[in-house]
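These notes concern the structure reproduced below.
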Amino acid sequence: MFHSVRDELRGTLDEIVAAGLHKPERVIGTPQSATVGVTAGGNPGEVLNFCANNYLGLADHPEVVAAAHQALDRWGYGMASVRFICGTQEVHKELEARLSAFLGQEDTILYSSCFDANGGVFETLLGPDDAVISDALNHASIIDGIRLCKARRFRYANRDLADLERQLKEATEGGAGRKLIVTDGVFSMDGYVAPLREICDLADAYDAMVMVDDSHAVGFVGAGGRGTPELHGVMDRVDIITGTLGKALGGASGGYVAARAEIVALLRQRSRPYLFSNSLAPVIAAASLKVLDLLESAGDLRERLHANTALFRSRMTEEGFDVLPGDHAIAPVMIGDASRAARLAELLLERGVYVIGFSYPVVPQGQARIRVQLSAAHSTEDVHRAVDAFVAARAALNAEA
């Protein structure tokens with residue numbers, strides 16, 4: 001049977017390559033940092049890394065690494081079990097309590113990833129008589145999580161409050177019981193921030209709950225790094241926050257849901273990704289506790305990240321690049337054509353800058369881009385070198401045309 005399927009699959013793969021949508025994987029031979037060593041999938045050598053989610057530069061921080069080493073000796077390598085059987089250690093409960101306090105929520109539940117966290121919320125909380133109202137540009141994990149539940153589905157245009165209110169009215173008039181508005185705190189492909197205060201106002205007006213995936217914000221957005229609810233002054237009005245330990249909070253893996261106590265309690269009893277997935281590795285839980293310690297005095301890291309972001313955005317704009325507006329560390333450089341975006345990324349790698357071209361289906365057709373992500377680990381010189389490399393790579397790309 002597979003022989004006939006093989007030809008079909010090869011044809012699909014050939015089409016992906018021909019359309020310029022192939023996504024090769026580069027291999028690095030060093031820890032994640034502002035500079036990485038590429039060993040395969042590109043020109044080997046040390047290059048500046050401008051496409052990681054390592055916003056605060058903590059992925060190779062010596063104190064985080066030391067905490068991980070100590071945790072291996074204290075807690076072992078893995079739990080070999082799910083939480084409710086024999087997969088819960090003191091370190092898991094401590095991390096949940098620390099995250100709850102940091103995010104201003106009543107309780108927190110850990111998952112193996114934020115993808116699993118988003119996959120476990122909707123089916124548990126919503127039934128066929130309920131409604132979920134989702135931003136059109138929400139992360140794939142939210143979209144897939146919604147597909148798992150039987151609630152009525154409403155979608156509103158990205159950050160469009162008038163459209164959100166229209167969807168809320170329709171859901172209410174249709175007799176929806178529970179209503180849940182869900183949005184990314186920061187939209188990962190654009191760097192745009194959700195208008196949470198206004199969303200919470202509409203939720204109050206239509207008796208809806210609010211859920212925010214704040215994966216690209218927690219740690220560095222807001223005065224204390226507590227994310228978009230802190231930025232907008234609505235920490236007490238957001239009912240559910242999902243997020244990851246795999247970006248600013250150390251960059252390893254793992255996710256969480258921080259929410260009202262009753263929501264978390266029900267997730268522990270019925271959320272399938274939680275009940276049927278192995279516990280988060282204790283070494284990650286312990287290292288994440290150290291990250292939370294560091295965040296208490298991470299003001300200088302957040303300031304450096306903001307300064308790097310402002311410098312990159314201003315210089316790229318001066319050089320005539322189309323950078324989506326904003327002040328987030330995600331700075332999308334718009335190219336349009338997928339093949340040109342992929343080729344520009346290759347030319348940048350040749351000039352010592354590691355970035356990736358994003359194209360369909362990760363972004364809409366015709367909106368290919370290079371998503372640059374700044375880090376507190378970058379120096380001012382690194383940022384200038386990256387912009388200079390963009391200018392040189394663009395000239396080389398245009399010369400090839």
Side-chain angles (χ1 to χ4, degrees), residues 25-40 46-49 51-83 85-103 108-117 215 218-220 224-225 243-256 258 274 277-302 304-305 354 373 375-379 382:
E25 295 182 356
R26 298 169 180 168
V27 180
I28 62 177
T30 62
Q32 182 67 272
S33 188
T35 301
V36 294
V38 177
T39 62
E46 294 289 321
V47 294
L48 290 171
N49 187 0
C51 62
N53 299 313
N54 189 23
Y55 294 112
L56 295 176
L58 299 180
D60 65 338
H61 192 287
E63 292 187 43
V64 177
V65 174
H69 280 292
Q70 294 169 9
L72 285 170
D73 293 334
R74 171 67 177 86
W75 299 106
Y77 174 61
M79 295 307 301
S81 182
V82 300
R83 287 286 296 269
I85 299 178
C86 61
T88 300
Q89 290 176 323
E90 294 171 4
V91 69
H92 295 107
K93 300 303 293 183
E94 184 180 356
L95 178 57
E96 289 172 337
R98 287 287 300 279
L99 283 169
S100 299
F102 181 70
L103 296 172
T108 297
I109 178 173
L110 295 173
Y111 287 80
S112 58
S113 69
C114 188
F115 205 108
D116 275 350
S215 293
V218 170
F220 62 99
T244 180
L245 305 173
K247 292 183 173 59
L249 302 187
S253 61
Y256 56 83
Y274 178 80
S277 296
N278 263 20
S279 304
L280 184 72
V283 62
I284 295 175
S288 298
L289 286 167
K290 174 54 67 175
V291 168
L292 291 173
D293 290 339
L294 294 172
L295 288 183
E296 294 177 1
S297 58
D300 59 330
L301 294 178
R302 289 190 284 270
R304 191 182 314 155
L305 174 60
Y354 187 141
Q373 290 167 278
S375 170
H378 293 133
S379 67
D382 292 339

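No hydrogens, no waters, no symmetry mates; every other heavy atom, side chains included, goes into these values. Because the structure is predicted, anything quoted here is derived from the model rather than measured.
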Query raised in the report: Under 3.5 Å, is there a donor-acceptor pair between the side chain of T30 and the main chain of V36?
Result: no
Requested in this report: Considering non-hydrogen atoms only, spot the tightest contact between G87 and S279 and give its length.
Outcome: O-OG, 2.6 Å
Query raised in the report: Do L95 and Y256 touch side chain to side chain, with heavy atoms closer than 4.5 Å?
Result: no
Query raised in the report: To the nearest 0.5 Å, what is the distance between CD (E63) and CG (L294)?
Result: 5.0 Å
Report task. Give the minimum heavy-atom separation between D116 and S112, together with the two atoms involved. Result -> OD2-OG, 2.6 Å
Report summary line: One should read off an interatomic distance between F220 CZ and L249 CG, to the nearest 0.5 angstrom, of 9.5 Å
Query raised in the report: Does a side chain donor of either Q373 or Y55 reach within less than 3.5 Å of an acceptor in the other side chain?
Result: yes
Query raised in the report: Do Q89 and R74 touch side chain to side chain, with heavy atoms closer than 4.5 Å?
Result: no
Query - Distance-minimising heavy-atom pair for A377 and G57 - result: CB-CA, 4.0 Å
Report task. Could you tell me which non-hydrogen atom of A285 sits nearest to which non-hydrogen atom of H92, and how far apart they are? Result -> CB-CD2, 4.3 Å
Query raised in the report: Roughly how far, to the nearest 0.5 Å, is the CD atom of Q32 from the CG atom of N49?
Result: 5.0 Å
Query raised in the report: Just checking, any donor-acceptor pair under 3.5 angstrom between side chains of T88 and R83?
Result: yes
Query raised in the report: Got a second to check how far L110's CG is from S277's OG, nearest 0.5 Å?
Result: 12.5 Å
Query raised in the report: Which heavy-atom pair separates L301 from A376 by the least distance, and what is that distance?
Result: O-CB, 3.4 Å
Query raised in the report: Which value, rounded to the nearest 0.5 Å, describes the distance between H61 atom NE2 and S33 atom OG?
Result: 11.5 Å
Query - Atom pair OG1/CD1 of T35 and I28 - distance to nearest 0.5 Å - result: 11.0 Å
Query raised in the report: Are any of the side-chain nitrogens in K93 or E96 under 4.0 Å away from the carboxylate oxygens of its partner?
Result: yes
**Report entry** Polar side-chain atom of T244 near backbone of C114 as donor-acceptor pair, under 3.5 Å
**Finding:** no
Requested in this report: Check whether any side-chain N or O of S375 sits under 3.5 Å from a backbone N or O of N54 as a donor-acceptor pair, and report yes or no.
Outcome: yes
Query - side-chain contact (heavy atoms from CB on, under 4.5 Å) evaluation trace for T108 with F102 - result: CA-CA 11 Å; T108 297; F102 181 70; over 6 Å; no
Query raised in the report: Any idea which heavy atoms bring A67 and K290 closest together, and the distance?
Result: CB-CB, 3.8 Å
